[in-house]
Amino acid sequence: MAHSSVAITARWPGAAAAALVLMLTLGTLGAVAWRAEWGSGLAAADWAAIEFTILQSLLSAAISVALAVPVARALARRRFPGRHLLITLLGAPFLLPVIVAVLGLLAVFGRDGVLNSVLAAFGLPPISIFGLHGVVLAHVFFNLPLAIRFILQGWLAIPAERFRLAASLKAPVGRLLEWPMLRAVVPSTFLVIFLICLTSFAVALTMGGGPRATTVELAIYQALRFDFDLGKAALLACIQFGLCVGAAFLAWRVTARDEVGPGLDRVVQRWDMGRLALDAFWILFAALFLLVPLVMVVLRGLPGLFDLSDSIWAAAGRSVLVAAGSAGLCVSMALALALRGGAVVAVVGVLPLAASGLVVGTGAFLIVFPFVRPSDVALLVTMLANATLALPFALRSVAPAVTQVMTDYARLAASLDLRGWSFVRLIVLPRVRRPLGFATGLAAALSMGDLGVIALFAGQGEETLPLAMYRLMGAYRMETAASAGLLLLVISFALFWLCDRGGRADADA
């Protein structure tokens, strides 16, 4: 495949995309390492931030997986009206802007939230959501759908014949079928969520409870924005990169493998249905836990949605521009890398998984600071960083389709002397529209919700909608923040739907 792709497509787009990714990952890391004050060591507060980062990531991943197992089992065993819709909603964790999820949790568990209102009605003292338990709660809310989907796929991958055989032999399904599947799927799911929590910035920024609830990324942000200690920020960024590399390596090493073998693709029939009430409880728990905060955002944000100030609408416009540029650049790089192929491209495509937004942003800040004001290039750097960080997801969507096209049409195109852009336009693009549209929508939605890089660079005139929301929440203007959150939620899902729908339109023609 690699030789065919080289023969009929230009090599330079893939090389340019790889160079840009390397510059924004290893290049920014090099700038960070060069500026880091290695001899100064770490203060007690820095060690506390490292310990808190690892602790909250371990707790968040463990609780997410522990809750996901019974929910996924219940969804795998039961059929009910709305099941497919519920599973579809569970498949969109990456589309939800983190700051909107945080706002929804505050509406339920915050100081003036539903839970404290109920406690006050019974004369009980209020609870505080801020601190370690608040960060863990937010991460579980954000990552539980992902864990459910991963584990549910493992359950659905068990062939129907295995359940039929177990039923005929009256064998224990849990020990013989479910437990081996969980041993294969759970470790990789745990480590993926652990890596996501390591690089989570917006949750710690909004839900942290002071010095004892500070993550490494939050410490980097504070060192740059408040202390302007570039050396300390660079050192912490190197540590953060090391943590991410370690987690990514472990996740790769324990990637799930198929241990049950193939089946005949029959509809699974279960005879080990267990107690209906228990399965109903877990399904209802997951639905309420995930949907009630979003409903609260809608209910609180809808009344003031059309009364938002011009500055909020301007921030929304900047977010859309950044998202459009980021998505376009991301899918262009993904397509160029997929057409080039090869082991080096595969490594380049997953490299952003080891880099967090704050590490990339810190490196970019150190590079541009001697030459221009960081706020002057805030939107450009945010667009580049968001495109790079979304690349692994886009490449995973686009690359298999491109590989199939090259396998099916590369020799025919070469025999017809159909090369370069003509081959891409006439052969490749029409056949990869679906994954390309999905990848574009995903990259746009991820960029819309970003509150990492922009927080390092933006001044008042460069703020995006997530940053404007955070500043409204910091000023205790929660109703206005809810309206801005609803606007962000609508735009994010609208961008994804438009791009995904555009990729599907006439795709079967």
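Here, residue 1 is the first one in the sequence, and each next residue gets the next number. Every heavy atom of this structure was used, including side-chain atoms; hydrogens, water molecules and symmetry mates were not.
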Shortest non-hydrogen contact between A204 and L218, atoms and distance:
O-CD2, 3.6 Å
Have a look at R318 and tell me which of L379, I454, L467 forms a side chain to side chain contact (heavy atoms under 4.5 Å, CB included) with it.
L379
Assign the ring pair F190 / F194 to parallel, tilted or perpendicular, where the plane angle (0 to 90°) is split at 30° and 60°.
parallel
Residue list, salt bridge (Lys or Arg N to Asp or Glu O under 4.0 Å) with R477, at least two apart or on another chain:
none
Passes side chain to side chain contact (heavy atoms under 4.5 Å, CB included), L106 versus F130? Steps please.
CA-CA 10 Å; L106 289 175; F130 300 102; 3.9 Å; yes
Only residue of V490, V298, L486 satisfying side chain to side chain contact (heavy atoms under 4.5 Å, CB included) with L305 is L486
Can you tell me how far CG of L442 sits from CG of L495, rounded to the nearest 0.5 angstrom?
12.0 Å
Residue pairs meeting side chain to side chain donor-acceptor pair (under 3.5 Å), one or both in residues 439-451, sequence neighbours left out, come to N386-S447
Locate the shortest heavy-atom distance separating G485 from V297; write the atom from each residue and the value.
C-CG1, 4.3 Å
Could you walk me through whether L451 and V98 pass the side chain to side chain contact (heavy atoms under 4.5 Å, CB included) test, one step at a time?
CA-CA 8 Å; L451 184 59; V98 179; over 6 Å; no
Does the side chain to side chain contact (heavy atoms under 4.5 Å, CB included) test come out yes or no for L105 and F141, once each step is laid out?
CA-CA 8 Å; L105 289 174; F141 173 81; 4.0 Å; yes
T388/V360 under side chain to side chain contact (heavy atoms under 4.5 Å, CB included): CA gap, chis, key distance, verdict:
CA-CA 10 Å; T388 302; V360 173; over 6 Å; no
Could you state the interatomic distance from CG (L132) to OG (S60), rounded to the nearest 0.5 Å?
8.0 Å
With a 4.5 Å cut-off on side-chain heavy atoms, are L119 and P126 touching?
no
Would you confirm whether S397, through its side chain, and P435, through its main-chain N or O, come within 3.5 Å as a donor-acceptor pair?
yes
Rounded distance (nearest 0.5 Å) linking atom CE of M473 with atom OG1 of T206
5.5 Å
What distance do L198 atom CG and L243 atom CG have between them, rounded to the nearest 0.5 Å?
6.0 Å
Determine which pairs satisfy side chain to side chain donor-acceptor pair (under 3.5 Å) with at least one residue from residues 300-309, sequence neighbours left out, and list them in order.
S309-S311
Looking only at heavy atoms, the pair that brings C330 and A394 closest together is SG-CB, 3.6 Å
Looking at every heavy atom in both T214 and T53, which two are closest together, and how far apart are they?
O-OG1, 4.5 Å
For the student: nearest non-hydrogen atoms of V108 and P293, plus distance
CG2-CA, 3.9 Å
Would you say D279's side chain and L75's backbone share a donor-acceptor pair under 3.5 angstrom?
no
Apply salt bridge (Lys or Arg N to Asp or Glu O under 4.0 Å) to E463 and list each qualifying residue two or more places apart in sequence or on a separate chain.
R471
Taking side chain as C-beta onward, heavy atoms only, is I193 less than 4.5 Å from F150?
no
Calculate, to the nearest 0.5 Å, the distance between atoms CD1 and SG belonging to I196 and C244 respectively.
11.5 Å
Within-4.5 Å side-chain heavy-atom neighbours: V186 and R183
no
Under the side chain to side chain donor-acceptor pair (under 3.5 Å) rule, collect the residues that match up with S200, sequence neighbours excluded.
H139
Nearest-0.5 Å distance that lies between atom CG in L294 and atom CG in L299:
11.0 Å
Can you confirm whether I50 sits close enough to W47 that some side-chain heavy atom of one is under 4.5 Å from a side-chain heavy atom of the other?
yes
Evaluate the side-chain proximity of T199 to Q240: yes if any heavy-atom separation is below 4.5 Å, no if none is.
yes
Looking only at non-hydrogen atoms, find the nearest pair between P466 and S319 and report the distance.
CD-OG, 3.7 Å
So do the side chains of F289 and L137 get within less than 4.5 Å of each other, counting heavy atoms only?
yes
With a 4.5 Å cut-off on side-chain heavy atoms, are I312 and L465 touching?
yes
State, yes or no, whether a side-chain contact exists between M478 and L103 at a heavy-atom distance under 4.5 Å.
yes
Contact list for residues 115-140, test salt bridge (charged side-chain N to carboxylate O under 4.0 Å, His left out), sequence neighbours left out:
none
